[in-house]
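Side chains included, hydrogens not; waters and symmetry mates left out as well; all remaining heavy atoms used.
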Amino acid sequence: MAQPFLIDIDQILKAKMGNRARYVPSFVTAWLKRIVHQDWLNGFILQEGEKQGVVWIDDCLEYLDIKLNVEGTENLPDDSDGRRYTFVSNHPLGGPDGLALGSVLGGHYEGRIKYLVNDLLMNLSGLAPLFVGINKTGRQSRDFPKMVEAVFNSDNHVIMFPAGICSRKVDGKIQDLDWKKTFITKSIETQRDIVPIHFGGRNSEFFYNLANVTKRLGLKVNLAMLYLVDELYKNQHKTFDIKIGKPISYTQFTTEKTPTQWAALVREIVYKL
């Protein structure tokens, strides 16, 4: 069996920063390896070997000892007629929620799913076949529209977290930031009905405080994102609730509202589930 791709912070820094990576102090790389739990992650990756896709996700949830209470599976549309759908959810955790939806939807639709995700997650080789990695700030940014177009025109169901980042604490409440309109515009173009999903869960107070401090200081580096694996580690041995709503026909998204307004309305629907 071929050696699976392991998480290597040193190599990731080189790939993202090029020659500038040599200027990163060793104590910083040591800190990064600790907060992303590099050895813990690699232990699971080695255990999985060449497994990929939904099987990898299911094994990961078992490794994390995460259980799911799923309501509304009767609302999952039958795709035997060849139709494909857009599944949208709030994003409270930034890790387990993505894995959970992949398990539920990937299992139901026999692996016919794709996520649009941050390109850093492409380093997880077991998930790579299910992901379309997006680097909105790097060289790949100019290809972003083409990649979105391709995934919506594919023979896969699309899973999206329209906020783009995981939930923050706003006015004392854990909630997504405003949802981007892409899932509305592309679903209309490709005639995909939209299925709303609510995921129940939260990260630690440390995470939300760090995110808010970073925002107030105007820092360009998303420090909170660096701690998402640490939050995943903390969310082991938990049970999460998933509620699946009824599909919304793409024909309902008329010119009566702008795509941004429709996105906000679907967000409201999700939080009412």
Side-chain angles (χ1 to χ4, degrees), residues 7 9 12-13 27-45 56-71 88-104 115 117-121 123-124 126-127 131 159-180 197-243 267 270-271 273:
I7 301 300
I9 291 298
I12 292 173
L13 288 174
F27 74 87
V28 172
T29 56
W31 167 71
L32 287 171
K33 291 174 184 178
R34 184 173 69 254
I35 65 168
V36 304
H37 299 270
Q38 179 171 293
D39 292 341
W40 175 70
L41 278 180
N42 285 337
F44 172 71
I45 292 170
W56 192 97
I57 290 177
D58 289 342
D59 287 352
C60 188
L61 290 175
E62 183 177 348
Y63 185 73
L64 296 167
D65 188 29
I66 285 177
K67 296 178 175 56
L68 306 172
N69 287 326
V70 185
E71 296 181 23
V88 295
S89 173
N90 62 315
H91 201 17
L93 304 180
D97 38 8
L99 292 169
L101 293 189
S103 176
V104 173
Y115 300 81
V117 300
N118 186 293
D119 72 322
L120 286 172
L121 292 174
N123 289 292
L124 293 172
L127 288 176
F131 284 175
I159 302 173
M160 291 188 71
F161 298 101
I165 59 174
C166 64
S167 302
R168 299 294 192 257
K169 196 170 193 177
V170 181
D171 298 326
K173 182 180 178 182
I174 310 302
Q175 57 183 302
D176 278 4
L177 302 183
D178 292 341
W179 279 19
K180 308 298 187 300
I197 298 176
H198 183 269
F199 192 97
R202 56 166 296 155
N203 285 322
S204 68
E205 283 297 322
F206 169 81
F207 176 84
Y208 299 118
N209 291 337
L210 178 62
N212 286 335
V213 168
T214 301
K215 181 180 179 181
R216 283 197 296 269
L217 293 177
L219 299 180
K220 293 183 179 180
V221 177
N222 188 347
L223 291 176
M225 186 182 73
L226 294 176
Y227 276 89
L228 284 178
V229 178
D230 191 50
E231 293 297 320
L232 174 69
Y233 187 84
K234 293 173 182 175
N235 274 308
Q236 293 180 92
H237 318 301
K238 293 184 179 180
T239 299
F240 296 102
D241 296 326
I242 298 175
K243 295 182 180 179
R267 181 185 183 278
V270 163
Y271 277 103
L273 288 175

Practice problem: Can you see which heavy atom on Pro92 is nearest to which on Gly201, and at what distance? | Solution: CB-O, 3.2 Å
Quiz item: When rounded to the nearest 0.5 angstrom, what is the spacing between CD1 in Ile7 and NZ in Lys33?
Solution: 12.5 Å
Exercise. With rounding to the nearest 0.5 Å, note down the distance linking CG in Leu61 to CZ in Phe240.
Key: 10.0 Å
Quiz prompt | Min side-chain heavy-atom separation Ile197-Val104 under 4.5 Å | solution = no
Practice problem: Would you mind reporting whether Leu226 and Trp31 have side-chain heavy atoms less than 4.5 Å apart? | Solution: yes
Quiz item: From Ser167 OG over to Phe199 CZ, what is the distance, rounded to the nearest 0.5 angstrom?
Solution: 11.0 Å
Self-check item: Atom of Cys166, atom of Phe207 and distance for their closest heavy-atom approach
Solution: SG-CZ, 3.4 Å
Quiz prompt | Minimal non-hydrogen separation, Lys238 against Lys234, with atom names | solution = CE-O, 3.8 Å
Exercise. Verify, without hydrogens or angle tests, whether Asp97 (side chain) and Gly94 (backbone) share a donor-acceptor contact under 3.5 angstrom.
Key: yes
Quiz item: So how far is it from His91 NE2 to Gln175 CD, rounded to the nearest 0.5 Å?
Solution: 15.5 Å
Quiz prompt | Side chain Tyr233, main chain His37, donor-acceptor under 3.5 Å | solution = no
Practice problem: With rounding to the nearest 0.5 Å, note down the distance linking CD1 in Ile165 to CG in Leu177. | Solution: 4.5 Å
Quiz item: Side chains of Asp65 and His237: donor-acceptor distance under 3.5 Å anywhere?
Solution: yes
Quiz item: At what distance, to the nearest 0.5 angstrom, does CG of Asn203 lie from CZ of Arg168?
Solution: 9.0 Å
Quiz item: Counting only heavy atoms not in Asp178, do more than 12 sit closer than 6.0 Å to its CG atom?
Solution: no
Quiz item: Does any non-hydrogen side-chain atom of Val270 lie less than 4.5 Å from one of Asp176?
Solution: no
Quiz item: Backbone N or O of Arg202 within a donor-acceptor pair of the Tyr208 side chain at under 3.5 Å?
Solution: no
Quiz item: Does any pair with a residue in residues 209-231 pass ring pair (Phe, Tyr, Trp, His ring centres under 6.0 Å), and if so which ones, sequence neighbours excluded?
Solution: Phe206-Tyr227
Quiz item: After noting the C-alpha distance and the side-chain angles of Asn235 and Leu64, does the key distance pass the side chain to side chain contact (heavy atoms under 4.5 Å, CB included) rule?
Solution: CA-CA 8 Å; Asn235 274 308; Leu64 296 167; over 6 Å; no
Quiz item: Does the ring center of Phe44 lie less than 6.0 Å from the ring center of Trp56?
Solution: yes
Quiz prompt | Main-chain N/O of His198 paired with Ser89 side-chain donor or acceptor, under 3.5 Å | solution = no
Quiz item: Above 12 or not: heavy atoms from other molecules or residues under 6.0 Å from NZ of Lys215?
Solution: no
Self-check item: Distance-minimising heavy-atom pair for Trp179 and Asn90
Solution: CZ2-N, 3.8 Å
Quiz item: Just by distance, do the side chain of Gln38 and the backbone of Ile9 share a donor-acceptor pair under 3.5 Å?
Solution: yes
Quiz item: Pick from Ile45, Leu41, Ile66, Leu99: which one makes a side-chain contact (heavy atoms from CB on, under 4.5 Å) with Cys60?
Solution: Leu99
Self-check item: Nearest heavy atoms of Ala100 and Ile242, plus distance in Å
Solution: CB-CD1, 3.9 Å
Exercise. Answer yes or no: does atom CD of Glu62 have more than 12 heavy-atom neighbours from other residues, nucleotides or ligands under 6.0 Å?
Key: no
Self-check item: Donor-acceptor pair, side chain of Lys169 and main chain of Ile174, under 3.5 angstrom
Solution: no
